[in-house]
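Working notes for the structure below.
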Amino acid sequence: MFSCLVNIPANATWAQDGVTIAGGHGQGNVTNQLFYPLGLFVDDDQTVIIADYNNHRIMQWKKGDTTNGQVVAGGNGKGKGLHQFNGPTDVLIDKETNTLIICDRGSQRVVRWSRRSGTTQGEILIDDIWCWELAMDEHRYLYVSDVEKREVRRYQLGENNGILVAGGNGQGDELNQLNEPRCLFVDRQQNVYVSDLYNHRVVNWSKGAKEGVVVAGGQGGGSALTQLSHPGGIFVDTLGTLYVADSNNNRVMRWTQGAKQGTVIVGGNRYGEGANQFNSPVALSFDRYGNLYVADHYNHRVQRFSIE
């Protein structure tokens, strides 16, 4: 989750055909299927953890086993019990405690599940929050986007209130506002990057700032290289280069620092289910080698694009 882990060369390119490493067998709830996957987290050993939104479960797919995933949290039907989820949208691994931290959006809570085998329920960390995505910095502060309050807060684990770090000034397109903050990335300096869905932009809020700076898009929704359309997952590498899942344009873009336009690194071939296509890429991540992983929402799969 931290930018310090991934060094990607400035001129890096990726295979244009993705390999399905999770799902890809249509929508469903058996172990080789996903149903509207959303957030994903790639561990150091290339294990991929996926928020399987419409199956109300968290799935783990180990490297090399693309046939079947394993349910590691939830999977007990839709509900508000501590053993259940209602539309989980994101997940990350807290390595310090070997736990999963999960945004259970429909139940308006953030929960923690132990990764130890035999765990049958989680514990509530934050409640009464319309969360969408999570990030954790290297000091183990937790950042959560709230799509209802249009803000991002930073929490110490164990506290329920948090400190406002982005937005919180109502819905709008001013630099101190957000309009449905979705995905997050936090760098080593605790700068918070937010994909601002309905403003079609990515905004960077420096630590302590009262307003953000647009670092991608912000030119209205569209498909030009200066534009984004409903941006989803974001990632920032050690050079400060931003990667964006440009969901409605079915492409992943790279924006270098200060650039007025981005470049397409994969996708951009209309929507479809080919190896070089997406149908709403909503989340992305990189492993430590720079390989790219994309949650391909309506194709019910996760694609891996190898760095070349």
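Computed from a prediction, not measured in an experiment: that's the story for all the values here. If you read the sequence from its start, that first residue is 1, and numbering goes on from there.
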Salt bridge (charged side-chain N to carboxylate O under 4.0 Å, His left out) pairs touching residues 265-277, sequence neighbours excluded, are none
What one should report as the nearest heavy-atom pair of Pro88 and Asp52 is CG-O, 4.2 Å
Side chains of Asn86 and Asp104: do they bring a donor and an acceptor to under 3.5 Å? no
Note, His200 side chain near Gln227 side chain (heavy atom, < 4.5 Å): no
Say you draw a straight line from CG of Asn191 to CG of Asp137; how long is it, rounded to the nearest 0.5 Å? 11.0 Å
Can you tell me how far CD of Gln189 sits from CD of Glu138, rounded to the nearest 0.5 angstrom? 8.5 Å
Let me see the working for Phe305 and Phe278 under ring-ring contact (aromatic ring centres under 6.0 Å, His included), right down to the final yes or no. CA-CA 12 Å; Phe305 297 85; Phe278 297 114; 5.6 Å; yes
Would you kindly say whether Thr238 and Asn7 are connected by a side-chain donor-acceptor distance under 3.5 Å? yes
Tell me, please, whether Tyr141 has Arg154 positioned over its six-membered ring: NZ or CZ under 6.0 Å from the ring centre and within 45 degrees of its axis? yes
Could you state the interatomic distance from CD (Glu211) to CG (Asn176), rounded to the nearest 0.5 Å? 6.5 Å
Side-chain donor-acceptor pairs under 3.5 Å in residues 67-74, sequence neighbours left out?
| from | atom 1 | to | atom 2 | distance (Å) |
| --- | --- | --- | --- | --- |
| Thr67 | OG1 | Asp65 | OD1 | 2.7 |
| Asn68 | OD1 | Thr31 | OG1 | 2.8 |
| Gln70 | OE1 | Gln60 | NE2 | 3.4 |

side-chain hydrogen bond (donor to acceptor under 3.5 Å, both in side chains) partners of Arg304, counting only residues at least two apart: Tyr293, Ser306
Tyr298 atom OH: more than 12 heavy-atom contacts under 6.0 Å: no
Pair Tyr198 and His230, ring centroids less than 6.0 Å apart: yes
In terms of hydrophobic clusters joined by side-chain contacts under 4.5 Å, are Leu142 and Val91 together? yes
If you define the side chain from C-beta out and look only at heavy atoms, does anything of Val202 sit under 4.5 Å from Leu228? yes
More than 12 heavy atoms of other residues, nucleotides or ligands under 6.0 Å from CG of Asp45: is that the case? yes
Measure from the ring center of Phe235 to the ring center of Tyr193 and say whether it is less than 6.0 Å. no
Which is it for Gln303 and Thr20 under the side chain to side chain donor-acceptor pair (under 3.5 Å) test, yes or no, and what are the steps along the way? CA-CA 5 Å; Gln303 297 289 89; Thr20 302; 2.5 Å; yes
Under the side-chain hydrogen bond (donor to acceptor under 3.5 Å, both in side chains) test, which residues partner Arg251, sequence neighbours left out? Asp246
Trace of the side chain to side chain donor-acceptor pair (under 3.5 Å) decision for Asn269 with Gln277: CA-CA 6 Å; Asn269 303 304; Gln277 293 178 302; over 6 Å; no
Which ring-ring contact (aromatic ring centres under 6.0 Å, His included) pairs, counting each pair once, include a residue from residues 61-119, with sequence neighbours left out? Phe85-Trp113
Answer whether the closest heavy-atom distance between the side chains of Val42 and Thr47 falls below 4.5 Å. no
Pairwise distance CG(Asn160) to CD1(Ile129) - rounded to 0.5 angstrom: 8.5 Å
Contacts under 3.5 angstrom, residues 8-17 side chains, donor-acceptor by atom type, not counting sequence neighbours:
| from | atom 1 | to | atom 2 | distance (Å) |
| --- | --- | --- | --- | --- |
| Thr13 | OG1 | Glu308 | OE1 | 3.2 |
| Trp14 | NE1 | Gly290 | O | 2.8 |
| Gln16 | NE2 | Trp14 | O | 3.0 |
| Gln16 | NE2 | Ile265 | O | 2.8 |

Got a second to check how far Asn279's CG is from Asn250's CG, nearest 0.5 Å? 6.0 Å
Polar contact flag, side-chain donor to acceptor under 3.5 angstrom, Gln177-Asn169: no
Distance from Tyr271 atom OH to Asn299 atom CG, nearest 0.5 Å? 10.5 Å
